[in-house]
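Throughout, protein chains are lettered first and strands after them, A, B, ... in sequence-line order, and every chain is numbered starting at 1. Computed over heavy atoms, backbone and side chain alike; hydrogens, waters and symmetry mates excluded.
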Amino acid sequence: MRKAVQVTAAGARLFGTIHMPSGDGKLASPRIALLLLSFGQQPRSWIGDLGTAIAERAAAAGFLSFRFDMPGLGDSPGDLPLLRETIWRDIQMGAHSPYLHALCWELQEEYRLEGLVVGGLCGGAVTSLYAVNSSRVKLKGLLLLEPEIALTNADAGMPSSPADERLDVEHFLERKELFFQRLFSFRSWRKLIAGKADYRYWKVLFVQSRENLSRRFSHRRDYPPETNHGLLDAWDRARRRSIPTLVVSVASASRRAYYRSYRLEPGIDQPGTRLAWIEIPNTTHALLAGGAKDAICGYVAKWLSSLSS
Amino acid sequence: MSEATRSVPNEGSPVLEDLELADYLPAGDEQLYYVLHRAMGAPKGRVLLLGPFASERPHRYIPWVRWARFLSRRGFEAMRFDYRGCGESSGRFEDQDFFSWKDDARRCLDWLEARRPQAPTIIHGLGMGALLADKLFREGLGDALILWLPPKSGRDMLYQQLQLKLANDFVLKPAMKKTRDQYIADLEGGEPVEVEGYVWTRRLWDSASGFAVDEAADRGAIDGRPWTIQPLDPCAAHMFGGVGPNPLRKEGARRQMWLLNPDLSRTFDDVVSWVEATMCRDRGSPE
């Protein structure tokens with residue numbers, strides 16, 4: 001059973017859906033509810049209706065579940081920027097945090113909750129993690145699906161030299177991957193010999209490689225330049241407070257390398273700080289393909305039940 | 001700088017936002033989610049918006065909502081909804097087909113037409129919604145019909161959507177790579193195929209065969225009721241149909257940036273002008 005709701009939080013009117021617990025009407029935990037946030041610019045059901053499916057499964061397990069659209073997204077009114085990259089960057093910097101904190105407060109009061117498990121996918125996970133910064137949120141758990149630790153480059157890219165045109169990768173890992181592709185590409189070699197190389201790509205790759213080597217040999221433990229330090233601070237705060245956390249990510253070499261570059265340990269549980277990290281193979285960032293959608297619903301329901309027991 | 005290169009502020013003023021109502025309609029054992037964008041005062045007309053296929057829905061949602069708000073601001077009452085098994089509506093996707101989604105649209109249309117005061121009803125479909133809207137209109141429902149980016153047929157649309165499956169296969173490299181035709185053969189053989197989180201069934205594939213828009217037939221009007229396939233400018237086609245790369249990308253720009261909220265008011269204005277002109281002509285009003 002679902003209900004459409006609207007809540008005014010921090011001056012914004014937020015549209016949402018409540019999934020009422022099903023079964024015999026008994027709540028698995030009468031005081032703890034699940035709140036899911038939008039995925040980037042997507043509406044609150046997420047791509048492939050994954051958000052809806054998780055909330056349904058949580059409700060079937062006896063948990064009151066909420067999903068809300070942040071301002072301007074989904075059904076919620078509000079202003080939006082011209083470009084997706086801008087809103088991604090804004091979300092990563094915590095633009096949705098005040099609305100989340102106020103929304104949590106409203107839900108806690110309205111439904112007399114002991115606390116909330118807050119979660120989301122990608123950008124939704126980022127906003128969820130920022131909930132640790134608010135003393136108003138009675139945070140009982142964090143559900144982080146494919147959290148993004150890097151900050152998106154929101155520079156619209158002013159016209160520059162033609163050599164820059166093909167540069168559409170951001171991070172060192174992407175550049176490295178592209179390097180091996182180009183190494184075995186006849187077309188790339190032909191362009192290099194013809195003097196039409198993507199000079200900016202090679203220049204940045206050279207600089208980043210030099211910095212990486214320098215870090216390795218000087219034993220400095222720097223983070224990648226695009227690191228979202230505010231988010232990592234929130235991560236550390238959650239671990240210090242031992243907030244129960246379930247992280248779900250894609251089990252791929254590049255994704256593992258991505259998290260490790262931020263000194264996180266994908267796939268490894270930390271019982272001491274109540275962190276569980278599940279990796280799902282044969283799927284993509286949207287966590288739908290290869291049976292991931294169904295698997296995640298099962299993991300979340302089981303994890304929520306463990307919190308209430 | 002073109003008009004479309006700036007983002008647009010939220011079209012709804014605080015007062016208009018209060019006119020938006022989200023709720024559920026009962027649909028058998030399921031719940032049909034809808035949002036009604038009411039007009040200030042008596043509406044000039046009521047517009048039922050039939051959205052695209054499930055896997056396109058999240059990517060078209062922002063401009064679709066903006067369009068509904070634009071209509072409301074221009075004095076039309078707009079209703080949009082989610083098909084059963086998709087988005088906010090309940091139900092399992094694999095239990096649905098084109099006929100059940102057409103029934104959903106019919107249910108919403110009945111509800112909308114029962115509202116007072118009376119006003120002409122316009123059916124507007126986007127993508128798969130255009131196929132369903134066309135079907136309803138040919139059954140004698142609605143006073144006018146607007147179609148945006150109608151696929152050739154239901155099967156053609158599903159065939160195109162299988163690109164998503166191929167894209168995932170390209171990344172995930174399954175042991176046995178299949179072509180679109182092989183996936184279609186699986187469906188025809190009764191084997192479900194998972195595409196972007198939705199389980200496609202033979203029932204879905206079979207039902208799609210009965211839905212197509214004949215652009216040449218009944219040009220301009222059916223039983224005296226006007227209809228049109230509205231052309232979209234490149235920006236609107238990109239936003240509503242994913243057609244082509246970002247049309248606002250600056251020449252020589254280093255990176256491909258993705259549009260989120262460009263100004264689509266020119267397209268919106270064109271459609272509203274068509275509706276107003278058509279309705280006034282039909283009613284013989286000099287307005």
Side-chain angles (χ1 to χ4, degrees), chain A residues 1-6 13 15-17 39 41-50 52-53 56 67 71-87 153-162 164-168 170 200 282-284 286-293, chain B residues 4-12 14 16-18 20-24 31 33-35 54-55 57-59 61-62 65-66 69 82 85-90 93 165 167-169 171-174 194-198 246 248-263:
Chain A
M1 174 73 178
R2 301 180 194 179
K3 279 185 187 172
V5 285
Q6 291 160 42
R13 190 153 170 239
F15 281 60
T17 303
F39 160 32
Q41 77 281 5
Q42 306 293 347
R44 62 186 183 272
S45 57
W46 308 359
I47 292 180
D49 295 331
L50 175 61
T52 308
E56 280 285 288
R67 291 177 294 112
L73 301 173
D75 297 322
S76 297
D79 291 340
L80 288 174
L82 175 67
L83 298 168
R84 277 191 215 174
E85 284 81 353
T86 312
I87 193 166
N153 183 354
D155 172 14
M158 296 303 288
S160 53
S161 70
D164 289 349
E165 217 174 309
R166 291 181 298 278
L167 184 69
D168 54 3
E170 287 297 306
R200 190 179 144 77
N282 300 320
T283 193
T284 59
L287 297 175
L288 295 169
K293 184 177 177 180
Chain B
T5 56
R6 61 183 170 80
S7 68
V8 283
N10 171 37
E11 287 90 352
L16 278 176
E17 284 169 10
D18 290 340
E20 290 177 17
L21 168 76
D23 208 343
Y24 284 93
Q31 296 173 279
Y33 178 79
Y34 72 89
V35 180
S55 43
R57 175 186 173 274
H59 307 293
Y61 210 83
I62 289 172
V65 173
R66 299 267 146 172
R69 290 194 178 128
D82 286 341
C86 313
E88 298 307 320
S89 289
S90 68
F93 180 87
K165 182 73 177 168
N168 270 336
D169 287 353
V171 174
L172 300 174
K173 300 180 175 56
E194 183 271 330
V195 183
E196 201 76 347
Y198 298 104
N246 173 356
L248 304 182
R249 188 187 184 202
K250 294 169 197 161
E251 200 176 338
R254 284 202 309 272
R255 303 174 55 230
Q256 164 77 333
M257 304 293 273
W258 298 95
L259 288 176
L260 178 72
N261 184 32
D263 186 355

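Inter-residue side-chain proximity for Phe93(B) and Asp49(A) is flagged as unmet; no heavy-atom pair is nearer than 4.5 Å. Contact check for Leu260(B) versus Thr86(A): no side-chain heavy atoms found under the 4.5 Å cut-off.
In this structure, CG on Leu21(B) lies 7.0 Å from CD on Gln6(A), to the nearest 0.5 angstrom. Rounded to the nearest 0.5 Å, atoms CG (Asp82(B)) and OG1 (Thr52(A)) are 8.5 Å apart. Taken to the nearest 0.5 Å, the CG atom of Leu288(A) stands 5.5 Å off from the CD atom of Glu196(B). Here the straight-line distance linking atom OG of Ser45(A) with atom OH of Tyr61(B) works out to 7.0 Å at 0.5 Å rounding. Put simply, CG on Asn282(A) and NZ on Lys173(B) are 11.5 Å apart, with the number rounded to the nearest 0.5 Å.
With chain B as the partner, the residue from Val5(A), Asp75(A), Leu50(A) showing the most heavy-atom pairs under 4.5 Å is Asp75(A). When each of Pro71(A), Gly74(A), Gly72(A) is checked for heavy-atom pairs under 4.5 Å with chain B, Gly74(A) comes out on top.
Ion pairing between Lys293(A) and Glu194(B) fails under the 4.0 Å rule for side-chain N and carboxylate O. Taking the charged nitrogens against the carboxylate oxygens, Glu20(B) and Arg13(A) have no contact shorter than 4.0 Å, which rules out a salt bridge.
For Tyr33(B), the part sitting under 4.5 Å from any heavy atom of chain A is the side chain, from C-beta outward, and nothing else. Using a 4.5 Å cut-off between heavy atoms, Ala54(B) does not touch chain A at all. Of the atoms belonging to Arg44(A), heavy atoms from both backbone and side chain fall under 4.5 Å from chain B. With a threshold of 4.5 angstrom between heavy atoms, Leu287(A) does not approach chain B through any atom at all. With a 4.5 angstrom heavy-atom cutoff, Ile47(A) touches chain B via backbone and side-chain atoms both.
Every residue was checked against the salt bridge (Lys or Arg N to Asp or Glu O under 4.0 Å) condition with Arg84(A), not counting sequence neighbours, and none meets it. Partners of Ser90(B) under the side chain to side chain contact (heavy atoms under 4.5 Å, CB included) rule, at least two apart in sequence or in another chain, are Arg2(A), Glu30(B), Gln31(B).
Looking only at distances, a side-chain donor or acceptor of Asn261(B) sits under 3.5 Å from a matching main-chain atom of Leu80(A). Under a 3.5 Å cut-off, the side chain of Asn168(B) and the backbone N or O of Ala289(A) do not form any donor-acceptor pair.
In this structure, Ser76(A) and Arg69(B) approach most closely via the heavy-atom pair C-NH2, 3.7 Å. Ala22(B) and Ala4(A) get closest at one heavy-atom pair: O-CB, 3.6 Å. Across every non-hydrogen atom of Arg57(B) and Pro43(A), the tightest pair is NH1-CG, 4.0 Å.
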Exercise. After noting the C-alpha distance and the side-chain angles of Thr17(A) and Tyr24(B), does the key distance pass the side-chain contact (heavy atoms from CB on, under 4.5 Å) rule?
Worked result: CA-CA 11 Å; Thr17(A) 303; Tyr24(B) 284 93; 3.5 Å; yes
